[in-house]
Novice: 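For reference, the structure I am asking about is given below.
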Number of protein chains: 4
Amino acid sequence: MQARTPLLPWQPEHGKRDAILTSAYNTFAEFGYANTKIETIAERAGVGKGTVYLYFKNKNDLFRQMIQELIDWHLSILREQITGPHSALDRLRTLLRVHLTMLAGRTYPFHLHGRDIGHVDDELYLWLREQKQRFLEDLRQLIEEGIAEGAFRTVSPRLAALWLFATLNVTLIDDAALSTEQVAGLIELVEHGLRASNEEHPTPIAG
Amino acid sequence: MQARTPLLPWQPEHGKRDAILTSAYNTFAEFGYANTKIETIAERAGVGKGTVYLYFKNKNDLFRQMIQELIDWHLSILREQITGPHSALDRLRTLLRVHLTMLAGRTYPFHLHGRDIGHVDDELYLWLREQKQRFLEDLRQLIEEGIAEGAFRTVSPRLAALWLFATLNVTLIDDAALSTEQVAGLIELVEHGLRASNEEHPTPIAG
Amino acid sequence: MQARTPLLPWQPEHGKRDAILTSAYNTFAEFGYANTKIETIAERAGVGKGTVYLYFKNKNDLFRQMIQELIDWHLSILREQITGPHSALDRLRTLLRVHLTMLAGRTYPFHLHGRDIGHVDDELYLWLREQKQRFLEDLRQLIEEGIAEGAFRTVSPRLAALWLFATLNVTLIDDAALSTEQVAGLIELVEHGLRASNEEHPTPIAG
Amino acid sequence: MQARTPLLPWQPEHGKRDAILTSAYNTFAEFGYANTKIETIAERAGVGKGTVYLYFKNKNDLFRQMIQELIDWHLSILREQITGPHSALDRLRTLLRVHLTMLAGRTYPFHLHGRDIGHVDDELYLWLREQKQRFLEDLRQLIEEGIAEGAFRTVSPRLAALWLFATLNVTLIDDAALSTEQVAGLIELVEHGLRASNEEHPTPIAG
DNA sequence: AATGAATGAGGCTTCATTCAT
DNA sequence: AATGAATGAAGCCTCATTCAT
């Protein structure tokens, strides 16, 4: 169903900039920032070392732009799920499923909250903080709507948002991707944590 | 209650090795691995640069030992909670509270599952994987016991363990430490996710 | 009188080659050889980077040709003064006035003797040596003629030529151009250094 | 007589800093700034490449400090001659002789007024301007004193100072050092330029 | 003829590591 | 055991030059 969602926001065949960003993503993911050489990124992108510097000011700049475009793209997809026309519960389910499916198909090297990559660059660090806060706001609103709809218990929306955010990182724990059943099970656990107790028998997920 | 748990496993006044490890912890946390200079660690530890090499083979070795001792110490404290004599639910509650309290008091720079620090060193990466798996096993067992006790719903114990693990990282999302109320709220959310539906009114946490 | 002497031997409107040489002159003068980029020269000349290589083999070649044409042009103008039909004293006066006036109108970045620019290129270095020697010869001859005419004291013509040459560089010392009075004063100093002592009352300079 | 004046202000055997500065002087003089590699300076100084960076922030800093210490040292020696107790004429003679002798013994790569090296570094450029102005002031004063003493004609002191300064650079024109006779002849030319006309028969220079 | 995107050789600089004291 | 001056491998980045259009 989500199979058609591309794994990354860039298409190497769309030009050298995209080729470099794709290569940068894979190389940084494989070796980490410090152990990645610009030369390696260039080689894998099929361009010369100097070409990287035609599109990016320096290594930091390349990294920052790569992360920003990746996160932007990822969050925009998630946001579509959060703000759709469906019930809060349905949107929560889809949010989790889409997110986990997107991560399942590849090595996702970077935590969404970016503490580990924030060291690289103050500008990026602050940008990530802001994105995180914005996304936490979206999650909070989703939960508030769920509460208003009577689907969720009366929990602290902000706290539940944090907790949801943490859960989203679950894939990062195991290197193996979650199976469809595991994703369903995870959604069920989260639902249970939030669901109003009178709603004993939730409608089936794919309803 | 947990206030007396020291924040770190080392005591600078216990000798140069501990001083170096404490300094290493703080410096790596502040700057990240790549941006941390041995000289800075030595300075902050109040020793000469060469002295670091009397206790550690190289920068990697220092980092690895620091992380390993930190994680070992941290997990051993958590393990005490998991394997105690109390009910599975109580142990779960204490586990979460102790973990979150330990992290609350300081900047915790490293994810327990260590994807971000695994880049540094294959040996450390594999060690962290193993620790993670062992701890996931422990969590799985806790959940199985909870199911056996009738306190938890019949969920996939392995999956729930993963989910718990993810939740443990919640503090890393926000830079601000969680308040006591927030910790309680978080525990409540997790409990709700796991709790057998007939157990509507759980016994108070501290008994 | 010399106001109509153009400042540089090239006219940008005479074609791309002249435009590039003018731009090269200004840019090398502003930034020095090492800090000057071909791209900057091309931009200022209003041509593409590749176009420079249609007219010049490489950066060194561009620099060399620029210097050579500049010096050639400059010395040929000076030489006209030296070898004219007037008396040695008059020719000396005019030589100094013309030279100083030419330099006064612009930033003259390159010493005539070229020690500082000789580093760039052995070929240019040797060429400059030769030009220098040739010009010193001309100066020597002028002085010899002055001695023969009885206008100058019996000095070492070669040494006096060196000394004259050094004096020609006086403008390079101060960034500010010399005023007409200063030029006259300078000429007067040089004359005094050379003049036969019996010629107490020289004819006024501007005659 | 001046043979005992060391050629350079540094003594390689006085430590690595002096060894590096001496090597830097010789290497920059030989190849020019842009064509000089830090590695070459280090090799010739008999130290490792990294050692240079223990004493100097970077290549520019090394160059700047080298020039400044060289000029400082050189000018301080000249200044001693200018401000001595002797007559203005004697001091002028000694000034020229000392300066020319100092330069005679070696390749002097850098013009005192530093237009050619100013491109390297703005800080250095401004510093050189200031030194130049200060030294021109000293020369001006010497000339004023000579006028007051009746030894010099009534010339513009500032202009004559500029002219003297230019003459000091005479050695830079020819690569060959001036002989003792040439130095004497040069001094004589300068004297003639300045001397009060009633002083027809000066005492012979070399006595 | 004219262009400018692409390249990669070359050099500055950092910093982990060594070792003489 | 403790030190820190010295080292040089490694990698980022610049920019002269090329070449397809």
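Basis for what follows: all heavy atoms, side chains included, without hydrogens, waters or symmetry-related copies. Every chain is numbered from 1 and lettered A, B, ... according to where its sequence line falls, protein lines coming before strand lines.
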Novice: Identify the nucleotide, in any strand shown, that forms a Watson-Crick or G-U wobble pair with E:dT21, with both distances under 3.5 Å; if there is none, say none.
Specialist: F:dA2
Novice: Return whichever of C:V52 or D:A34 has its heavy-atom-nearest nucleotide of DNA chain E closer to the 5' end.
Specialist: C:V52
Novice: Can you tell which of F:dA6, E:dA5, F:dC13 lies closest to the side chain of A:L54?
Specialist: E:dA5
Novice: Heavy atoms from C-beta onward define the side chain here; which of F:dC13, F:dA2, F:dT17 lies closest to that of C:K59?
Specialist: F:dT17
Novice: May I ask you to say what B:T40 touches in the nucleic acid, namely base, sugar-phosphate or nothing, with a heavy-atom cut-off under 4.0 Å?
Specialist: nothing
Novice: Between E:dT7 atom C1' and A:I20 atom CD1, what is the distance in whole Å?
Specialist: 12 Å
Novice: Separation of C:D61 atom CG from F:dA16 atom C1', in whole Å?
Specialist: 13 Å
Novice: Atom CD1 of B:I41 and atom C1' of E:dC15: how far apart are they, to the nearest Å?
Specialist: 12 Å
Novice: Using heavy-atom distances to pick each residue's nearest nucleotide on DNA chain E, tell me which of A:Y55 and C:G46 is more 5'.
Specialist: C:G46
Novice: If you define the side chain from C-beta out and look only at heavy atoms, does anything of B:N60 sit under 4.5 Å from B:Y33?
Specialist: yes
Novice: Which is more 5' along DNA chain F, the nucleotide nearest A:E39 or the one nearest C:G50? Just name the residue.
Specialist: A:E39
Novice: Round to the nearest Å and state the distance from C:K16 atom NZ to E:dT3 atom C1'.
Specialist: 10 Å
Novice: Looking only at side-chain atoms of C:T51, point me to the closest of E:dT13, F:dT3, E:dA2.
Specialist: E:dA2
Novice: Closest approach of A:E69 and A:P9, non-hydrogen atoms and distance?
Specialist: O-CG, 3.9 Å
Novice: Is any side-chain heavy atom of D:Y125 less than 4.5 Å from a side-chain heavy atom of D:R129?
Specialist: yes
Novice: Quick check against the 3.5 Å criterion: does B:T22 have a side-chain atom that pairs as donor or acceptor with the backbone of B:D18?
Specialist: yes
Novice: Within this structure, what is the CG-to-C1' distance between A:N58 and E:dT13, rounded to whole angstrom?
Specialist: 15 Å
Novice: Which one, E:dT17, E:dC15, F:dT7, comes nearest to the side chain of B:I38?
Specialist: E:dT17
Novice: Just compare F:dT17, E:dT3, E:dT17 and give me whichever is closest to any side-chain atom of C:Y53.
Specialist: F:dT17
Novice: Could you give the CZ-to-P distance, from D:F63 to E:dG11, as a whole number of Å?
Specialist: 18 Å
Novice: For a quick check of understanding: with a heavy-atom distance under 4.0 Å over all strands, which category does A:K37 fall into, base, sugar-phosphate or nothing?
Specialist: sugar-phosphate
Novice: Report the nucleotide, chosen from F:dG8, E:dT3, E:dA16, that has the shortest atom-to-atom distance to any side-chain atom of D:K49.
Specialist: F:dG8
Novice: Atom CG of B:N35 and atom P of E:dA16: how far apart are they, to the nearest Å?
Specialist: 10 Å
Novice: Can you tell me the distance, in whole Å, between the CZ atom of C:F56 and the P atom of F:dT18?
Specialist: 16 Å
Novice: Return the nucleotide paired to F:dT7: Watson-Crick means purine N1 to pyrimidine N3 with N6-O4 or O6-N4, wobble means G-U with N1-O2 and O6-N3, both under 3.5 Å.
Specialist: E:dA16
Novice: Does any part of the side chain of D:W127, heavy atoms only, come nearer than 4.5 Å to the side chain of D:Q131, both counted from C-beta?
Specialist: yes
Novice: With a 4.5 Å heavy-atom cut-off, do D:I67 and D:F28 have their side chains touching?
Specialist: no
